[in-house]
2 protein chains.
Amino acid sequence: MPTDHQTASTTSMLRVMNERAVFGEIFRLGPVSRPELAQATGLSKPTISVALANLGRAGLVREVGLRAGPAGRSALLYEVRPEAGWVLAVDIGRSFVRLVLADLAGTIAARVDDPSGSRNPADLLAQLTGLADDLTARVGIGRADVTLTVFGTPGIHDKDTGALHLAPNLPGWSLPGAVDRLSAVSPSPYLVENDTDLAAVGEATYGLGRDVAHFAYVSIGTGTGMGIVIDGKLYRGARGCAGEISYLPIGEGDPLQDDPAAARRGMFETVASADGIVAAARRLGWAGATSAKEVFDAARAGEPLARRAVEVEVNHVAHALAAVTAVLDLELIVLGGGVGVQGGDLLLGPVQERLPHLVALAPPRIEVSTLGADAVLMGAVAVGLTEARDLVLARTVAATP
Amino acid sequence: MPTDHQTASTTSMLRVMNERAVFGEIFRLGPVSRPELAQATGLSKPTISVALANLGRAGLVREVGLRAGPAGRSALLYEVRPEAGWVLAVDIGRSFVRLVLADLAGTIAARVDDPSGSRNPADLLAQLTGLADDLTARVGIGRADVTLTVFGTPGIHDKDTGALHLAPNLPGWSLPGAVDRLSAVSPSPYLVENDTDLAAVGEATYGLGRDVAHFAYVSIGTGTGMGIVIDGKLYRGARGCAGEISYLPIGEGDPLQDDPAAARRGMFETVASADGIVAAARRLGWAGATSAKEVFDAARAGEPLARRAVEVEVNHVAHALAAVTAVLDLELIVLGGGVGVQGGDLLLGPVQERLPHLVALAPPRIEVSTLGADAVLMGAVAVGLTEARDLVLARTVAATP
DNA sequence: GAAATTTGTATTGGACCTTTACGAACGCGT
DNA sequence: ACGCGTTCGTAAAGGTCCAATACAAATTTC
């Protein structure tokens, strides 16, 4: 049990701490006056003034107007200077590459969605670099002005070897060092995160999980996955594999005896992902079923075979969420991914009804994602903003001797 | 996503922070010299001296001897004054009540194990109060000298209502306010924690999980449960129900169709707990099986039916740990509880072998508890010590105007 | 247009920590 | 036994930072 010991501080670190606190409150509260900052931080007015002077000199905050109060002198308002930092968010999806350039205030300045072709490292890198240059040029900043780049990819990024595991859709990226080549996209520091994890952060920051302390995002689509956000922080697990619900031992039979390929892919993913639904429909007698969307449409139209296939899916999803609830005891689970979003109307009610029968605990609320396909990108922005805020501040502090 | 904002500090809070840091390092490093403390905290020698003077005046630390170095003046060593605080740990088990009185240094000064009778609130309270008085008297301190009392109980403590849920073995304790009556045992502040959670903390502090950041303790016995320790902190979940693996949807058939009572109890607990093993043995043809211990003994003797019953148990446990691994991605899982400890030799190997076939991820290490029945008690001591350290420090700081 | 109120800043004082310097204590070698 | 190098502990001086107080500036209300 490695317990983090309390840190000691010297006087000169106080200024850093307090400036950081002031900067953080400006982020949190938006345009805000000095008295409000004094209130929020517990610091005195003169201290706030000094901190604002330093932050202003460093170009991190700016005056933005006056607040007209009921009486008395109007207060100057301060806000984060948006151009103080830029976050490049990249979602490397199965069929699309999406990029967003956001300023430090979180405003999205430019966006690109590219239905890309090849996924081998060299082609993908060239494509990403070109798109990134497009975006920065469009906004009128240089490549070097990007504070931080955040990549969302499927699979698990092994930071020691630079390899990407469990991402069969990205051939060539599982070789050692392959992920490190992403540094070529932008001269900034960069982060590589699992796409489902980012989607979870996105939903937790901009979506339904905003005020929820124990939250998870469950993605069901071509594959399955889960991102866990606890107390506002992503939970990654010992090796970054937390939330790999593909491997939940849920479904009929025993993978060892049945099908080793399915075992490698994971029991839950095999039965519950899009092609698992198609397989279920076929097994039930609908030989011509080709896509999950088709099955859901038919179920909405009242087709009995399709409805039974959906029932099977409901059962699998309910069992998975039951397992997650038994382990994590969450407040809210948001359903996403292709199946989760497009089939959400058919899944949500039955799953919610089924869950209390499986776990005699207070079940979590279950909702369908509001961000949809943008969840990954928005999560990358959120992660990037949090990190970029620290980066610009650290840069400033270092430059104040 | 509630993000905790950076706190601001004033100069006078620096002293508090630094004294806290010094005190923490003394805890962490044991008898330690001033130069070592300066090194560990990053503070200067004079500051350490001042902090030690204050802590000494408050009775929290004391000189303990000299360190003879290879050359130069010998350094005075400081350690926590054990009598500065006392933690009373209480394990309310199924057939035993165990109490321990530990000083602030963590030394166990007195212990009592009582094979108690009645479990209704009034009787149990009387018994606990008597035993607690015995312990304090034996050590020579007063009731009021106890800094903190930590109770370990089965079930989930609802802090809002003061009721204890999911603890069928403690009749009467599920009424609102019942748990609050535990305050009568000692005039100190008190905490009520789930026994399995405490056992997890015990193993994480004194047992096999000492240097592990992602850890869980899985208890299998009369019931089943899991305690999760992440980065040294207990993970409780949204309502304190995290780790209730009794409800993992693992086992044959569907509880809804089969047996509503089993559904209330939880699928996994029904099949994998001690009486689940007995039931499995009977189902396999051993009609006379009466206890899990008997089944394990027979399996060790080579009895075929018993060995098959153990195989069934292995399968269930492996599935449960697979689900836990898929969700949490742990480094280490420690197996405890009656079945876990006494049947560990038969379960460990087969489960470890089975797990990689169920999850294609790096599986966690699995070990059998070394603390055994003392895990709950030791966990209560660990939790109490952490908290008591803050309490005595806060008391001191408040008394220094 | 004056009073009331709120905002921003200048000044003073206090709390804290570090640096520097020096005396105290100890071991080792001669 | 004595000196020397080394380490430990403390004292004094200096610097940084923040709060409190006081006051000037700006704005609304009556």
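Worth knowing before you read on, the calculation uses all heavy atoms, side chains too, and leaves out hydrogens, waters and symmetry mates. Convention: sequence-line order gives letters A, B, ...; per-chain numbering from 1.
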query: Less than 4.0 Å between a side-chain N and a carboxylate O, is that true for B/Arg210 and B/Glu203?
result: no
message: Applying a 4.0 Å non-hydrogen cut-off, can you work out what B/Pro35 is touching in the nucleic acid: base, sugar-phosphate, or nothing?
response: sugar-phosphate
- prompt: What integer distance in Å separates B/Arg15:CZ from C/dG14:C1'?
  reply: 13 Å
- request: Just compare D/dC18, D/dT10, C/dT9 and give me whichever is closest to any side-chain atom of B/Lys45.
  value: D/dT10
- prompt: How about B/Asn54 and B/Arg57: does a side-chain donor come under 3.5 Å of a side-chain acceptor?
  reply: yes
query: So does A/Arg73 reach the base of C/dT7 with its side chain, donor to acceptor, closer than 3.5 Å?
result: yes
message: Measure CG/B/Leu77 against P/C/dC26 and give the value in whole Å, please.
response: 13 Å
query: Taking CD from B/Glu63 and P from D/dC8, how many angstroms apart are they, rounded to a whole number?
result: 15 Å
task: Check the distance between C/dA15's P and B/Glu19's CD and give it to me in whole angstrom.
output: 15 Å
message: Is B/Thr47 close enough to C/dC16 that one of its side-chain N or O atoms is under 4.0 Å from OP1 or OP2 there?
response: no
- prompt: Can you name the nearest heavy-atom pair linking B/Ala75 to B/Ser33, along with the distance?
  reply: CB-CB, 3.6 Å
message: How many whole angstroms separate atom CG of B/Leu52 from atom P of C/dC17?
response: 13 Å
field: Sugar-phosphate only, base, or nothing, as touched by A/Ser44 at under 4.0 Å among non-hydrogen atoms
entry: base
- prompt: What is the minimum heavy-atom distance between A/Leu148 and A/Ala388, and which atoms define it?
  reply: CD2-N, 4.2 Å
Whole angstrom value for the distance that separates C1' of D/dT7 from CD of B/Gln39: 14 Å
- prompt: Just to confirm, is there a sub-4.0 Å distance from OP1 or OP2 of C/dC17 to any side-chain nitrogen or oxygen of B/Asn18?
  reply: yes
message: So, does A/Ser49 get its side chain near the phosphate of C/dG8, meaning an N or O under 4.0 Å from OP1 or OP2?
response: no
query: Looking at B/Phe23, does the NZ or CZ of B/Arg389 lie under 6.0 angstrom from its six-membered ring centre and within 45 degrees of the ring axis?
result: no
- request: Could you say whether A/Ser33 or B/Leu66 is positioned toward the 5' end of DNA chain C, judged by the nucleotide with the nearest heavy atom to each?
  value: A/Ser33
- prompt: Roughly, in whole Å, what's the span from CE in B/Met13 to P in D/dA19?
  reply: 10 Å
Value in whole Å for how far the P atom of D/dC18 lies from CG of B/Leu14: 9 Å
- prompt: Which nucleotide in the list D/dA19, D/dG9, C/dT9 gets nearest to the side chain of B/Ala75?
  reply: D/dG9
- request: For A/Ser74, answer base if it contacts any base atom (sugar-phosphate contacts may also be present), sugar-phosphate if it contacts only those atoms, and nothing otherwise; contact means non-hydrogen atoms under 4.0 Å.
  value: sugar-phosphate
message: Quick check on DNA chain D: between B/Arg34 and A/Ile48, whose nearest nucleotide comes earlier from the 5' end?
response: B/Arg34
